[in-house]
Amino acid sequence: MSTHVKIVGILTAHPDKASELGAFLSAMRVRSRAEPGNLRWDIWRDKANPDRLVLDELYVDDAAVAAHRDSPHFKDYAARIGDLADRTPITLDPVEVD
């Protein structure tokens, strides 16, 4: 079975912060995709609420997630995201289905 780790982040922009949030996440995407353990880092917009963005991240394993969270760009993200959006992160492990 795969040891991949998926992270889904649901971000709802604070009033008048949607553009700033989008620009901030676009820069984060470039840096995160460059990490050796990153397999995916995409941004999705909710069709029902354009102020809600969903991050879709995939890493090769827990060590890659730890390296991501220890990176300067993630530490900057963690320090600044609360000013831009409400955030709900979900960390997922793969499930083998018969």
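Every value quoted in this text rests on a predicted model; they were computed, and no experiment measured them. We use all heavy atoms of the structure for the numbers below, so side chains are in, but hydrogens, waters and symmetry mates are not.
With rounding to the nearest 0.5 Å, the separation of CG in Asp42 from CG in Asp56 is 5.5 Å. Atoms CG and OG1, from Leu55 and Thr88 in turn, are 11.0 Å apart once rounded to the nearest 0.5 Å. Rounded to the nearest 0.5 angstrom, Leu84 CG and Leu53 CG are separated by 11.0 Å. Interatomic distance, Leu39 CG to Arg33 CZ, rounded to the nearest 0.5 Å: 12.0 Å.
A donor and an acceptor atom, one from each side chain of Tyr59 and His68, are located under 3.5 Å apart. Side-chain contact of Tyr77 with Arg69: a donor-acceptor pair under 3.5 Å is absent, judged by distance alone. Using a 3.5 Å distance cut-off with no hydrogens or angles, the side chains of Glu35 and His73 do pair a donor with an acceptor.
Partners of Asp61 according to the side-chain contact (heavy atoms from CB on, under 4.5 Å) rule, which considers only residues two or more places apart in sequence or in another chain, are Thr3, Ala63, Ala64. Not counting sequence neighbours, the partners of Lys75 by the side-chain contact (heavy atoms from CB on, under 4.5 Å) test are Asp70.
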Would you mind writing out the side-chain donor-acceptor pairs for residues 43-50 within the sub-3.5 Å range, not counting sequence neighbours?
residue, atom, partner, partner atom, Å
Arg45, NH1, Pro50, O, 2.7
Asp46, OD1, Ala48, N, 2.8
Asp46, OD2, Arg52, NH1, 2.6
Asn49, OD1, Asp51, N, 3.0

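Taking every heavy atom of both residues into account, Asp86 and His14 meet most closely at OD1-NE2, 3.2 Å.
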Tell me, with the steps shown, if Val54 and Leu11 meet side chain to side chain contact (heavy atoms under 4.5 Å, CB included).
CA-CA 6 Å; Val54 177; Leu11 304 167; over 6 Å; no

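The closest donor-acceptor contact from the side chain of Arg40 to the backbone of Glu57 lies at 3.5 Å or more, if one exists at all.
Using a 4.5 Å heavy-atom threshold, the side chains of Trp41 and Val30 count as separate.
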